[in-house]
A.B. asks: 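I have a structure I would like to understand better, so I am pasting it below and will then ask my questions one at a time.
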Amino acid sequence: MKNRLKVLRAERDWTQAQLADALDVSRQTVNAIETGKFDPSLPLAFRAARLFGMRIEEIFHDPTQDKDRSSLSTEVKKDTFV
Amino acid sequence: MNQVKPPGSGYQSRIRANVIRLFRWNGAWVAATALMAFGPKYLWNRALVFTLLAIGLDVAVGVGMVLANKNYLAELDELQRKVQLNSMGITLGVAVVAGAPFSMMDAYHVIPFHANIAYLLILMSLTFAVSNLYGTRLYR
């Protein structure tokens with residue numbers, strides 16, 4: 001799962017340790033999420049969304065969903081021209 | 001630049017306090033186990049009452065250590081808990097897989113010594129340490 005955690009953190013000039021403390025997790029966990037090595041649980045994703053004042057899907061997104069969506073639109077186009 | 005700090009939760013200090021508590025319970029358990037193992041021979045000349053008291057103390061401190069470990073796990077965040085549980089799973093598996101043949105080797109005199117439980121405890125400790133280190137490095 002891809003996310004914008006690092007960008008959002010940098011925009012606020014927060015360190016990983018500060019973000020970790022705010023999310024009630026370890027710095028290692030923030031680093032693992034930022035680098036895409038670990039996907040957070042739904043409660044943790046909600047905490048991050050609340051902290052940044054955004055919706056979950058504005059911070060986290062599933063790349064496979066984009067692929068599904070593009071293949072779906074291709075299918076729709078095919079159907080349109082048939 | 002005027003940095004606005006996010007609200008803190010005190011996670012690190014909470015975990016530090018739990019680690020210290022767990023370390024103390026572990027130390028107490030090791031001391032109680034040593035008392036139970038060596039006390040009858042070196043301290044009270046195998047007096048049954050003292051031996052039973054030492055066994056009771058060891059079990060009581062052991063229960064305290066297990067509860068401290070449970071609290072420690074409950075306070076960890078989801079990634080650290082995952083690493084710990086993976087390590088515990090691997091340790092349990094290795095103990096079962098290695099323990100049964102080790103016991104059989106003793107029963108059929110394949111090994112020239114007794115399959116002492118201490119060997120299994122050492123193997124479990126080393127397995128847990130290695131798998132925990134691996135898990136921690138994996139997500140670094």
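Only a predicted model underlies this, so the values are computations on that prediction, with no experimental measurement involved. Here is the naming used below: chain letters follow the sequence lines, and residue numbers restart at 1 for every chain.
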A.B. asks: To the nearest 0.5 Å, tell me how far B:Arg140 CZ sits from A:Asn31 CG.
C.D. replies: 10.0 Å

A.B. asks: Find the distance between CG (A:Leu23) and OH (B:Tyr11) and round it off to the nearest 0.5 Å.
C.D. replies: 11.5 Å

A.B. asks: Drop me the distance from B:Glu78's CD to A:Ile33's CD1, to the nearest 0.5 angstrom.
C.D. replies: 6.5 Å

A.B. asks: Quick check on B:Tyr108: does its OH atom have over 12 non-hydrogen neighbours (other residues, nucleotides or ligands) under 6.0 Å away?
C.D. replies: no

A.B. asks: A:Asp24 versus chain B, heavy atoms under 4.5 Å apart: side chain, backbone, both or neither?
C.D. replies: both

A.B. asks: May I ask you to check whether over 12 heavy atoms, not counting those of A:Lys2, lie within 6.0 Å of atom NZ?
C.D. replies: no

A.B. asks: Please say yes or no: joined through hydrophobic side-chain contacts below 4.5 Å, possibly via intermediate residues, are B:Leu22 and B:Ile15 part of one cluster?
C.D. replies: yes

A.B. asks: If only atom types and distance count, is the side chain of A:Gln28 paired as donor or acceptor with the main-chain N or O of B:Thr136 below 3.5 Å?
C.D. replies: yes

A.B. asks: Report yes or no: do B:Phe38 and B:Val30 belong to one cluster of Ile/Leu/Val/Met/Phe/Trp/Tyr joined by side chain heavy-atom distances under 4.5 Å?
C.D. replies: no

A.B. asks: B:Leu85, B:Val19: one ILVMFWY side-chain cluster at the under-4.5 Å cut-off?
C.D. replies: yes

A.B. asks: Taking all atoms of both residues into account, what is the closest heavy-atom pair of B:Lys82 and A:Phe38, and its distance?
C.D. replies: CD-CE1, 4.1 Å

A.B. asks: Any chance CZ of B:Arg24 has more than 12 other-residue heavy atoms, nucleotides or ligands included, within less than 6.0 Å?
C.D. replies: no

A.B. asks: Below 4.5 Å, heavy atoms only, C-beta onward: do B:Ser9 and A:Val25 meet side chain to side chain?
C.D. replies: no

A.B. asks: Could you pull out the closest heavy-atom pair between B:Pro7 and A:Leu51, with the gap in Å?
C.D. replies: CD-CD1, 4.0 Å

A.B. asks: Using a 4.5 angstrom heavy-atom cutoff, name the option from A:Ala22, A:Ser26, A:Ala17 with the most pairs to chain B.
C.D. replies: A:Ser26

A.B. asks: Please state whether the side chain, the backbone, both or neither of A:Pro43 comes within less than 4.5 Å of a heavy atom of chain B.
C.D. replies: neither

A.B. asks: If you count every heavy atom of other residues, nucleotides or ligands that lies below 6.0 Å from B:Phe50 atom CZ, does the total exceed 12?
C.D. replies: no

A.B. asks: Contact part of B:Leu138 toward chain A, heavy-atom cut-off under 4.5 Å: side chain, backbone, both or neither?
C.D. replies: backbone

